[in-house]
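Remember, predicted model here, so these are calculated numbers, not experimental data. Because only heavy atoms are used, hydrogens play no part in the values below, and waters and symmetry mates are left out as well, while side chains stay in. Numbers restart at 1 for each chain; the letters A, B, ... are given by sequence-line order, proteins then strands.
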Protein chains: 2
Amino acid sequence: MKTQLKKGTLDMCVLAVLAQSDSYAYELVSTLSRTMEISEGTIYPLMRRLQNESWVSTYLVESASGPSRKYYALTEAGKRELELMRREWQEFVSEVGSVLSRLPAADKSGEQQA
Amino acid sequence: MKTQLKKGTLDMCVLAVLAQSDSYAYELVSTLSRTMEISEGTIYPLMRRLQNESWVSTYLVESASGPSRKYYALTEAGKRELELMRREWQEFVSEVGSVLSRLPAADKSGEQQA
DNA sequence: CTAGCTATCTTGCAATGCAAGATAGTTGGG
DNA sequence: CCCAACTATCTTGCATTGCAAGATAGCTAG
């Protein structure tokens, strides 16, 4: 349903989680799932993109409970990008909010502006 | 740049503008352009979608300064949808905010999880 | 008649989220 | 031993949507 809303924000969300601590794709999904919906089919292509942009680096860690985990770590460029995305996101939310705020529509008697 | 962020919000923005007063596509673009970026290639397919969903109805009005304008008016279903979208948007913004807010990375002392 | 503004619409492309499924290692039950 | 279930990776193909570019058309001014 809200699929479209997520477009462009998931990168930022993943970077934000990685800003706290390194993680691997499978764990990222379960971490983010505590707050928002995200599925595995989404995360792997996404992580590849982040890596292509050099916003994350990777290293393998063996696991005793399954296959090796590919950990992702935020790079310096990734930190800068995260801050940029945050700014853009807040700006965008504010823009949308300002469009929405003109919808009170409750009462048009005292309206100003076109 | 922020193209992806707009996905799914433009419908809502258009409905919000129409909640104030009827308008036509060309005018909607210029109205919304005061606040956010949107282009004509976006608006026409979008308006068709809104119409297919029966969230707007249309009527033609001749213009002395060019071709006839196709005005769009919010339907009752459209008003309900707008409120729904608003709720979902606010919920989503809050979710993203809560993921972002954990990025201070300040302190991991109280962490649990595997 | 050409240029430019209003106004409509279409085509084709890029980006991205996701369902579905393939592949593997590990563990526990029958 | 074998099978199910959980961890963990990744790929394929599809749907949605925003946008650049361009086509069409009415009107006005030079």
Side-chain angles (χ1 to χ4, degrees), chain A residues 1-15 22-33 36-53 55-56 58-72 85 88-89 92 95-96 99, chain B residues 1-15 22-33 36-53 55-56 58-72 85 88-89 92 95-96 99 113-114:
Chain A
M1 278 327 60
K2 304 198 292 181
T3 298
Q4 297 302 319
L5 293 185
K6 297 177 200 163
K7 304 249 165 156
T9 62
L10 291 185
D11 317 37
M12 179 176 63
C13 289
V14 165
L15 293 180
D22 297 358
S23 186
Y24 51 100
Y26 191 83
E27 189 184 49
L28 282 166
V29 169
S30 85
T31 299
L32 286 170
S33 290
M36 64 202 311
E37 284 174 42
I38 181 174
S39 67
E40 288 177 23
T42 302
I43 202 75
Y44 288 98
L46 193 162
M47 295 318 292
R48 164 126 40 222
R49 262 182 275 139
L50 298 185
Q51 198 177 354
N52 286 343
E53 299 287 348
W55 294 335
V56 298
T58 69
Y59 55 97
L60 280 180
V61 174
E62 289 171 36
S63 163
S65 65
S68 292
R69 296 164 174 171
K70 187 190 275 184
Y71 274 84
Y72 296 90
M85 285 176 166
E88 285 184 349
W89 169 246
F92 179 70
E95 285 171 6
V96 172
V99 171
Chain B
M1 276 326 64
K2 303 198 289 180
T3 298
Q4 297 302 319
L5 293 185
K6 297 177 199 162
K7 304 250 164 152
T9 61
L10 291 183
D11 317 37
M12 178 176 63
C13 289
V14 165
L15 293 180
D22 297 358
S23 186
Y24 51 100
Y26 192 83
E27 189 184 49
L28 282 167
V29 169
S30 84
T31 299
L32 286 171
S33 291
M36 62 203 310
E37 285 173 42
I38 181 174
S39 67
E40 287 177 23
T42 302
I43 202 76
Y44 289 98
L46 192 162
M47 295 318 293
R48 164 128 38 222
R49 260 181 276 141
L50 297 185
Q51 198 176 352
N52 285 344
E53 300 286 349
W55 295 334
V56 298
T58 70
Y59 54 98
L60 280 180
V61 175
E62 290 169 36
S63 164
S65 65
S68 292
R69 297 163 174 172
K70 185 189 279 184
Y71 274 83
Y72 296 90
M85 286 176 166
E88 284 185 347
W89 169 247
F92 180 70
E95 285 171 5
V96 172
V99 171
Q113 116 270 352

Nearest-angstrom distance from the residue atom [atom1] of [X] to [atom2] of [N]:
X	N	atom1	atom2	value
L46(B)	dC9(C)	CG	P	13 Å
I43(A)	dT9(D)	CD1	P	10 Å
L60(A)	dG25(C)	CG	P	14 Å
L5(B)	dC19(D)	CG	P	11 Å
E27(A)	dA8(D)	CD	C1'	12 Å
R48(A)	dC18(C)	CZ	P	18 Å
Y72(B)	dA7(C)	OH	C1'	11 Å

Open item on the list: Could you work out, with ring-ring contact (aromatic ring centres under 6.0 Å, His included) as the rule, every residue matching Y26(A), not counting sequence neighbours?
Closed with: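 Y26(A) satisfies ring-ring contact (aromatic ring centres under 6.0 Å, His included) with no other residue.
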
Open item on the list: For V29(B), run the side-chain contact (heavy atoms from CB on, under 4.5 Å) check against I43(B), V14(B), T42(B) and tell me which one passes.
Closed with: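 When side-chain contact (heavy atoms from CB on, under 4.5 Å) is applied between V29(B) and each of I43(B), V14(B), T42(B), only I43(B) qualifies.
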
Task: Y24(B) side chain, from C-beta outward: closest of dT9(D), dA7(C), dA20(D) - done: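 Looking only at side-chain atoms, Y24(B) lies closest to dA7(C).
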
Quick one: is [X] getting a side-chain N or O under 4.0 Å of the [N] phosphate, OP1 or OP2?
X	N	answer
Y44(B)	dT10(C)	no
Y26(A)	dT9(D)	no
K70(A)	dC10(D)	yes
R69(A)	dG25(C)	no

Tell me every residue that passes salt bridge (charged side-chain N to carboxylate O under 4.0 Å, His left out) with [X], counting only those two or more places apart in sequence or in another chain.
X	answer
D22(B)	none
E27(B)	none
R48(A)	none

Atom pairs, protein N/O to nucleotides 14-17 of chain D N/O, distance under 3.5 Å:
from    : atom 1 : to    : atom 2 : distance (Å)
dT17(D) : O2     : K7(B) : NZ     : 2.5

Open item on the list: Heavy atoms only, 4.0 Å cut-off, all strands: where does T3(B) land among base, sugar-phosphate and nothing?
Closed with: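 Sugar-phosphate only.
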
Report, one pair per line, the protein and nucleotides 23-30 of chain D atoms (nitrogen or oxygen only) whose separation is under 3.5 Å.
from    : atom 1 : to     : atom 2 : distance (Å)
dC27(D) : O3'    : A64(B) : O      : 3.3

